[in-house]
Amino acid sequence: MYTKPVSSIIRAHGFSYHIYADDMQIYNSAAPSEIFSLVMSMQSCVKEIVLVVEVVVVEVVVVVVVVVVVVVVVVVVVVVIVVVVVVVVVIVVLVAVLVVEVAVVVAVIIVVVVIAVVGRVVVVVVVVVVVSVIVIVVK
């Protein structure tokens, strides 16, 4: 994800490196008189790498937040659609029970069950069957 910019930074500072899946090794050699300069250069290199990694982490967090928001919106929309469908079906069944004979109500229930199973809206099936049974028993 971020190995290309990191490797460019390391090379720009004159270091060699090995990057593995969960590890990064930066190294170089120097004469004893140049050790302090080498340490300062490595410190500068590591600071630049940290900045790049922080930017990448922020970008990843933003992407994750956007994905979560989209998923939540989709779930809310699906729940609202299911609730609307359930309310409409309950109203249709209640009107059918009050207006027509039980045979017609049973036919409506069968049609709604088939539509719900095909559309995988099991909640509709359960609500319609329960409401219909209650209304038929009360009638």
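Just so you know, these numbers use all the heavy atoms, side chains as well, and skip hydrogens, waters and symmetry mates. Residue numbers run from 1 in the order of the sequence given.
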Could you pull out all donor-acceptor pairs under 3.5 Å where a side-chain atom in residues 43-71 meets a protein atom, sequence neighbours excluded?
{"unit_1": "E48", "atom_1": "OE2", "unit_2": "H13", "atom_2": "NE2", "d": "2.7"}

Between side-chain atoms of residues 14-35 and protein atoms elsewhere (two or more places apart, or another chain), which donor-acceptor pairs fall under 3.5 Å?
{"unit_1": "Y17", "atom_1": "OH", "unit_2": "R11", "atom_2": "NH1", "d": "2.7"}
{"unit_1": "H18", "atom_1": "NE2", "unit_2": "Y27", "atom_2": "OH", "d": "3.1"}
{"unit_1": "D23", "atom_1": "OD2", "unit_2": "Q25", "atom_2": "NE2", "d": "3.2"}
{"unit_1": "N28", "atom_1": "ND2", "unit_2": "G14", "atom_2": "O", "d": "2.8"}

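F36 belongs to a hydrophobic cluster with M40, counting contacts under 4.5 Å between side-chain heavy atoms of Ile, Leu, Val, Met, Phe, Trp and Tyr, direct or through other members.
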